[in-house]
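Notes follow the structure.
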Amino acid sequence: MESLKLISFSLIITISFLTLSINAQNSQQDYLDAHNSARHEVGVADIGWDDTLAAYAQNYANERIGDCNLVHSGGPYGENLFWGSGAPFSGTDAVNDWVSEKSYYDHTTNTCANGQVCGHYTQVVWRSSIHVGCARVQCTNNGGYFIICSYNPPGNVEGESPY
């Protein structure tokens, strides 16, 4: 009986650790750290957290929870969306995915490589976007994760450089 209690206790500790590890990369600070790391690389000032943007992002994520389709909200803010399955994707994973588009972006010409996407990256580093709010939900239709970050003011203004 004592060994069963020890196994149960060990299992609870392991599950708690895994939960903390997963949640640890979804905090406000984790989203900010991932954004600001990319922004520092190009000399752009830090972005700050905004609870209004986070609430907007959470409301929209809740609307998408049943299908998790990557459909933009059409709202007043800049927006990056992420969906992934097969792992418990975190907010940090999403931001890192968006930042990975940097390799396709040519700052000199302010263009993206032919056939590639760069707009998620440029939104992350957009110098006039000074506030962000993000949310993450687990999809009910497939167990994947839908992550959204909302930016104010919005970036990706046509004809303008992000930094």
Side-chain angles (χ1 to χ4, degrees), residues 18-65 68-139 144-163:
L18 290 173
T19 301
L20 286 173
S21 297
I22 291 168
N23 289 336
Q25 293 190 354
N26 295 304
S27 73
Q28 292 176 11
Q29 194 60 52
D30 292 316
Y31 283 105
L32 289 174
D33 289 347
H35 277 84
N36 289 330
S37 176
R39 293 169 72 89
H40 290 169
E41 286 181 15
V42 295
V44 176
D46 284 354
I47 199 165
W49 190 262
D50 183 280
D51 289 334
T52 300
L53 292 172
Y56 180 88
Q58 187 66 62
N59 286 338
Y60 189 66
N62 291 343
E63 287 180 29
R64 296 262 61 105
I65 201 167
C68 286
N69 289 333
L70 294 176
V71 176
H72 285 282
S73 70
Y77 305 116
E79 192 168 87
N80 277 342
L81 304 177
F82 173 92
W83 174 83
S85 67
F89 288 98
S90 69
T92 301
D93 292 328
V95 177
N96 290 338
D97 183 66
W98 300 326
V99 170
S100 74
E101 294 175 1
K102 179 181 183 178
S103 62
Y104 304 121
Y105 177 68
D106 183 342
H107 181 62
T108 304
T109 61
N110 193 30
T111 60
C112 191
N114 207 16
Q116 300 298 326
V117 174
C118 299
H120 303 102
Y121 167 69
T122 55
Q123 176 59 83
V124 168
V125 298
W126 199 265
R127 75 175 158 269
S128 63
S129 292
I130 58 171
H131 295 111
V132 66
C134 304
R136 172 183 175 267
V137 294
Q138 186 169 11
C139 310
Y145 291 86
F146 180 89
I147 300 167
I148 174 176
C149 286
S150 298
Y151 302 85
N152 197 31
N156 292 334
V157 177
E158 192 167 335
E160 290 185 20
S161 175
Y163 51 91

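Predicted, not measured: the structure shown is a model, and the values here were computed from it.
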Does the side chain of His107 come within less than 4.5 Å of Tyr163's, by heavy atoms?
yes

Query - Flag side-chain contact, heavy atom, 4.5 Å: Pro88 against Arg136 - result: yes

Tell me yes or no: between the side chains of Ser85 and Trp83, is some donor less than 3.5 Å from an acceptor? no

dist Tyr145:OH -> Ile65:CD1 (nearest 0.5 Å) comes out at 10.5 Å

Closest non-hydrogen atoms of Cys118 and Ala113, given as atom of the first, atom of the second and distance, are SG-N, 4.4 Å

* To do: For the pair Thr92 (side chain) and Gln25 (backbone), establish whether a donor and an acceptor sit closer than 3.5 Å, ignoring hydrogens and angles.
  => yes

Self-check item: Gly119 backbone acceptor or donor facing Thr122 side chain under 3.5 Å
Solution: yes

So, do His35 and Cys149 sit near enough that their side-chain heavy atoms are less than 4.5 Å apart? yes

Is there a side-chain contact (heavy atoms from CB on, under 4.5 Å) between Gln123 and Val132? Walk through the geometry before answering. CA-CA 11 Å; Gln123 176 59 83; Val132 66; over 6 Å; no

Heavy-atom closest pair (Gly78 atom, Pro154 atom, distance to 0.1 Å) is N-CB, 3.3 Å

message: Set out, in order, the CA-CA distance, both residues' side-chain angles and the distance that settles side-chain contact (heavy atoms from CB on, under 4.5 Å) for Val125 and Trp98, then state yes or no.
response: CA-CA 10 Å; Val125 298; Trp98 300 326; over 6 Å; no

query = Is there a donor-acceptor contact under 3.5 Å from the side chain of Arg64 to the main chain of Asn59?
reply = no

OG of Ser129 to CG of Asn152, rounded to nearest 0.5 Å, is 7.5 Å

### Task
Mind running side-chain contact (heavy atoms from CB on, under 4.5 Å) on Leu81 and His120 for me, showing each step along the way?
CA-CA 8 Å; Leu81 304 177; His120 303 102; 5.9 Å; no

CG (Asn156) and CD (Glu79) are apart, to the nearest 0.5 Å, by 12.0 Å

- Message: If we ignore hydrogens and angles and just use 3.5 Å, is the side chain of Glu101 paired with the main-chain N or O of Tyr121 as donor and acceptor?
- Response: yes

| request: Show your working on side-chain contact (heavy atoms from CB on, under 4.5 Å) between Tyr151 and Ile130 and close with a plain yes or no. | output: CA-CA 8 Å; Tyr151 302 85; Ile130 58 171; over 6 Å; no

Quick one: are Phe82 and Val95 in side-chain contact, heavy atoms under 4.5 Å? no

*Can you find a pair of side-chain heavy atoms, one from Tyr56 and one from Asp50, that are under 4.5 Å apart?*
no

query = Trp49 vs Tyr31 aromatic rings, parallel, tilted or perpendicular, using cut-offs 30° and 60°?
reply = tilted

Closest heavy-atom pair, Ile148 versus Ala61, reported as atoms and distance to 0.1 Å, is CG2-CB, 4.1 Å

### Task
Apply side-chain hydrogen bond (donor to acceptor under 3.5 Å, both in side chains) to the pair Thr111 and Asp106, showing each step before the final yes or no.
CA-CA 5 Å; Thr111 60; Asp106 183 342; 4.9 Å; no

query: Does any N or O in the side chain of Asn110 come within less than 3.5 Å of the main-chain N or O of Glu160, such that one atom is a donor and the other an acceptor?
result: yes

In the structure I gave you, are the side-chain heavy atoms of Phe146 and Glu63 within less than 4.5 Å of one another anywhere?
no

Open item on the list: With heavy-atom distances below 4.5 Å as the criterion, would you say the side chains of Gln58 and Val137 are in contact?
Closed with: yes

Q: Please examine the side chains of Val124 and Asn80, heavy atoms only from C-beta on, and report whether any two atoms are closer than 4.5 Å.
A: yes

Ser128 and Pro153 have their tightest heavy-atom pair at O-CD, 3.0 Å

In terms of heavy-atom contacts, Ala57 and Gly133 come closest through CB-O, 3.7 Å

For Ala38 and Val99 the tightest heavy-atom approach is CB-CG2, 3.6 Å

**Asked** Under the 3.5 angstrom rule, does the side chain of Asn26 hit a backbone N or O of Ser90 as a donor-acceptor pair?
**Response** no

